[in-house]
Trainee: 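My questions will all concern the structure given below.
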Amino acid sequence: MGTDDTGGRQATAAPGTAPAIELKGISKAFGPVQANKDISIRVMPGTIHGIIGENGAGKSTLMSILYGFYKADAGEVFIAGKRTDIPDSQAAIAAGIGMVFQHFKLVENFTVLENIILGAEDGGLLRPSLAKARKSLLELEHEYGLNVDPDAVIQDLGVGMQQRVEILKALYRQADILILDEPTGVLTPAEADQLFRILDRLRTEGKTIILITHKLREVMEATDTVSVMRRGEMTATVKTSETSPAELAELMVGRKVLLRVDKTPATPGPVVLDIKGLRVRDESGVERLKGIDLQVRAGEILGLAGVAGNGQSELLEVLGGYAEATGEIHINGQPLDLAGKDAHGRARRARGIAHVPEDRQREGLIMDFSAWENTAFGYHRDPGYQSGLLLNNARIRTETEEKMARFDVRPPNPALAAKNFSGGNQQKIVLAREIERDPDLLLVGQPTRGVDIGAIEFIHQQIVALRDKGKAVLLVSVELEEILALADRVAVMFDGTIMGERLSAQTDEKELGLLMAGVAA
Amino acid sequence: MDFLTLIQLLDSTVRLATPLLLACLAGLFSERAGIFDIGLEGKMLAAAFFSAAIAALTGSVWVGLAAGIAASMVFSLLHGLASITFRGNQLISGVAINFLAAGLTVLIAQDWFSQGGRTPSLMGGARFGPITLPFADALSGVPVLGPIYAELISGHSILVYLAFACVPLTWWVLFRTRFGLRLRAVGENPAAVDTAGVSVVGLRYAAVLICGVLCGIAGAYLSTALQAGFVKDMSAGRGFIALAALIFAKWRPWYALYATLLFGLFGALETRPDVIEALLGLKIQGALLGALPYVMTVIILAGFVGKAIPPRAGGQPYVKER
């Protein structure tokens with residue numbers, strides 16, 4: 001990986017060329033937190049430079065300084081060898097910097113063309129601006145192979161296309177330096193590959209690209225040079241061809257990290273979850289699940305792969321008890337009364353189903369409530385938590401403290417509000433609440449989304465440990481890598497149906513990718 | 001119902017729709033930029049008072065109009081300060097403006113004129129009179145078209161024509177100019193505007209000030225054209241009906257015209273119980289008609305007549321994220 005196989009892979013800059021961007025001694029503090037500490041970096045023109053680091057390592061702060069959102073406390077920025085001040089986004093754009101944010105900055109009900117000219121119009125009237133943009137869009141399409149319908153409305157486009165619009169926006173503003181912040185977080189593997197092809201093309205045309213990510217694989221595949229950040233500091237800058245994922249992971253985390261999940265082969269027992277002919281319609285009457293048949297056995301992890309939006313979320317919601325459905329679900333051989341007495345999450349928990357929702361900040365936690373309150377949710381009717389008419393808060397607190405210690409939640413302070421924990425620690429709080437109840441079936445959605453490498457390792461170990469205790473696990477993830485590493489069996493969802501099931505030891509990303517795209521193998 | 005009654009009914013529809021239309025377009029500018037404004041009512045009231053008071057003092061309705069617009073813009077700035085600069089709650093700021101206007105107008109009126117919270121009656125040049133369009137008299141004899149031109153189209157004050165001209169103007173500004181594009185964008189996704197290097201704060205203040213100007217004209221119309229002088233609480237909920245019309249119109253200028261004309265018709269019918277009785281054959285309480293705009297808005301919001309999707313960033317102060 002990372003070696004020259006396309007001919008255009010190596011940095012093309014001749015010796016003596018000024019770097020496209022050079023940062024010298026950048027520091028930035030938010031109150032007592034030093035987000036960036038004396039950071040220096042040189043990015044040569046015509047290269048793809050990766051910046052990796054865990055969440056909170058200071059990558060985004062650094063890029064925000066470069067795009068004029070924050071002012072650095074100290075340090076200097078040089079663009080093409082010239083010292084440049086970037087007080088605001090306007091100045092960044094003028095300096096030839098384009099930014100593709102993780103969350104797109106597009107106006108959803110505008111057309112592609114309107115989004116592209118926004119803020120870069122020529123004159124007060126729209127008609128000439130739109131006509132000019134249409135023409136240059138054709139040229140950009142010709143030059144970089146970035147085709148997109150200029151009259152499509154953004155909300156009708158897929159995320160891959162929307163991202164393309166963001167790149168076009170930057171190019172339309174004559175950006176020579178393109179910064180992409182976690183660009184593949186929302187993309188399918190195929191879309192990600194396409195993105196990297198586009199970036200490769202941009203590089204051959206002389207653009208400089210900074211790729212911010214926490215995914216080692218992407219850095220290894222797409223970049224020429226990598227800088228690693230840890231706790232606000234730049235710990236290393238290395239040539240991609242001279243490093244390895246293991247070395248980068250160690251530089252990121254500061255210790256050795258196990259990149260593969262360490263697990264023994266599964267020993268599946270009796271069927272715990274048995275789904276037959278499950279159908280779900282959404283509010284507008286569209287069928288989101290079109291007759292799902294699925295089984296999960298005790299002592300196995302079933303991974304549910306698929307591009308986001310193909311019914312995985314709906315399936316989790318139905319199983320967790322907060323969406324309506326028709327069909328049959330059996331738990332340990334006993335039917336669930338979907339519409340009647342088992343219709344609610346509380347009844348599902350009583351039947352031994354625990355649920356770690358996909359969106360922990362909206363469905364898993366109440367962000368303004370403390371950790372101990374959050375660990376009681378859903379189980380607050382537990383007789384052990386009662387004290388007469390009131391909740392036995394003291395008991396919940398001590399239990400939370402124990403759970404936090406077992407799940408290595410940092411800081412181990414039960415009184416701290418959920419929003420004050422990092423993503424990984426929030427996820428550990430949810431996991432602790434659900435796993436510690438010793439469920440027969442664990443539903444877990446996107447367990448490591450927005451979670452840093454160190455915590456991912458721990459979370460994966462916990463899920464495997466639950467399996468080894470003979471429990472059933474249904475894992476939903478958009479990260480194919482995660483599914484392949486963790487699951488014993490993989491089912492792929494496409495358009496509300498199960499496209500196919502595979503043993504994870506006998507399949508690969510390519511085969512699953514085809515199934516995810518709806519191509520029956 | 002004979003033809004003449006119909007013309008009369010439509011004529012008063014136009015007159016009653018005018019302040020609603022101006023206030024509705026005012027709200028449209030503000031809300032399209034993401035600033036909800038339930039203070040339309042208060043701004044209209046303040047403008048109604050100050051235009052009547054200054055017109056009474058100077059004898060010039062134009063100076064009065066300017067004073068009304070200025071007063072309304074001051075309130076707009078206050079709303080902008082609270083909701084844009086200090087990122088406060090836009091509803092609370094709007095409510096505060098309504099109360100402030102209701103109290104302040106009567107207080108100042110009493111202090112200046114000592115007529116029980118009113119201004120003196122306006123006469124002559126202190127009031128907007130009707131304008132007779134060319135050939136109105138000559139054509140009035142022509143059957144059907146004559147009365148329509150002479151009675152319905154001609155004979156309104158200048159502000160009525162101004163209000164109707166504002167509809168295509170608003171449409172053109174919103175959908176054909178750079179300012180309009182940015183204004184709509186800032187109400188949908190301010191972060192997109194910000195990262196494109198355009199000032200969110202500047203755009204929102206511009207929108208709020210335009211809202212002030214239009215509310216000012218609406219208020220001046222109430223006290224110097226529709227009626228001759230200011231009386232306590234004379235806006236009488238029109239600001240809220242304009243908001244209802246704005247939702248009914250789905251935040252679009254031409255729909256705003258139709259919605260306010262419809263609501264104006266309800267207002268006109270309210271004053272003509274005889275017409276309703278002749279049409280329906282039964283008596284209907286006028287107050288029931290007065291409630292119709294709100295009833296229809298609830299129906300719209302419940303989604304029976306298509307979906308009304310407000311600007312996505314509406315009501316939320318913009319806080320820059322990384």
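The chains referred to below are lettered A, B, ... by the order of the sequence lines, with proteins before strands, and numbering in each begins at 1. Only heavy atoms go into these numbers, but all of them, side chains included; no hydrogens, no water, no symmetry mates.
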Trainee: When you look at B:Leu181 and A:Glu121, which way does the side chain to side chain contact (heavy atoms under 4.5 Å, CB included) test go after all the steps?
Mentor: CA-CA 10 Å; B:Leu181 182 81; A:Glu121 308 90 341; 3.7 Å; yes
Trainee: List in chain and number order the residues that pass salt bridge (charged side-chain N to carboxylate O under 4.0 Å, His left out) with A:Asp85, two or more places apart in sequence or in another chain; answer none if no residue qualifies.
Mentor: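 Per chain and number, A:Asp85 pairs via salt bridge (charged side-chain N to carboxylate O under 4.0 Å, His left out) with no residue.
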Trainee: Any chance CD of A:Gln102 has more than 12 other-residue heavy atoms, nucleotides or ligands included, within less than 6.0 Å?
Mentor: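 It does: A:Gln102 CD has more than 12 such atoms within range.
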Trainee: Tell me whether B:Leu77 at atom CG has more than 12 heavy atoms from other residues, nucleotides or ligands lying less than 6.0 Å away.
Mentor: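 For B:Leu77, atom CG is crowded (more than 12 foreign heavy atoms under 6.0 Å).
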Trainee: What do the steps show when you test A:Glu108 against B:Glu188 for side chain to side chain contact (heavy atoms under 4.5 Å, CB included), and what is the final call?
Mentor: CA-CA 8 Å; A:Glu108 294 248 305; B:Glu188 291 288 333; 5.6 Å; no
Trainee: Does atom CZ of B:Phe175 have more than 12 heavy-atom neighbours, drawn from other residues, nucleotides or ligands, at distances under 6.0 Å?
Mentor: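 Buried by this count: over 12 neighbours within 6.0 Å.
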Trainee: Please indicate whether A:Gln174 has more than 12 foreign heavy atoms, meaning atoms of other residues, nucleotides or ligands, lying under 6.0 Å from its CD.
Mentor: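 At most 12 heavy atoms, drawn from other residues, nucleotides or ligands, come within 6.0 Å of this atom.
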Trainee: How about B:Phe164: does its CZ atom have over 12 heavy atoms from other parts shown lying under 6.0 Å from it?
Mentor: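 More than 12 within 6.0 Å, yes.
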Trainee: Looking only at heavy atoms and a cut-off of under 4.5 Å, which of A:Gln90, A:Arg173, A:Met99, A:Lys169 has the most pairs with chain B?
Mentor: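 Highest number of heavy-atom pairs under 4.5 Å: A:Gln90.
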Trainee: Side chain to side chain contact (heavy atoms under 4.5 Å, CB included) between A:Asn109 and B:Arg312: does it pass, once the steps are laid out?
Mentor: CA-CA 10 Å; A:Asn109 57 0; B:Arg312 250 161 264 198; 3.9 Å; yes
Trainee: Could you tell me which non-hydrogen atom of B:Arg184 sits nearest to which non-hydrogen atom of A:Leu126, and how far apart they are?
Mentor: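 So the minimum-distance heavy-atom pair works out to NH2-CD1, 4.4 Å.
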Trainee: A:Leu118, A:Asn115, A:Leu106: which one forms the most heavy-atom pairs within less than 4.5 Å of chain B?
Mentor: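 With the most close heavy-atom pairs to chain B, the winner is A:Leu118.
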Trainee: Under the criterion side chain to side chain contact (heavy atoms under 4.5 Å, CB included), I'd like the reasoning laid out for A:Leu125 against B:Trp172: C-alpha separation, chi angles, the key distance, then a yes or no.
Mentor: CA-CA 10 Å; A:Leu125 296 182; B:Trp172 184 80; 3.5 Å; yes
Trainee: Measure distances from A:Tyr67 to the heavy atoms of chain B and classify the residue's part below 4.5 Å as side chain, backbone, both or neither.
Mentor: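 Interface part for A:Tyr67: side chain.
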Trainee: For a quick test of reading the model, state the closest non-hydrogen atom pair linking B:Ala192 to A:Val107 and the distance between them.
Mentor: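 Looking at all heavy atoms of both residues, the shortest contact is CB-CG2, 4.0 Å.
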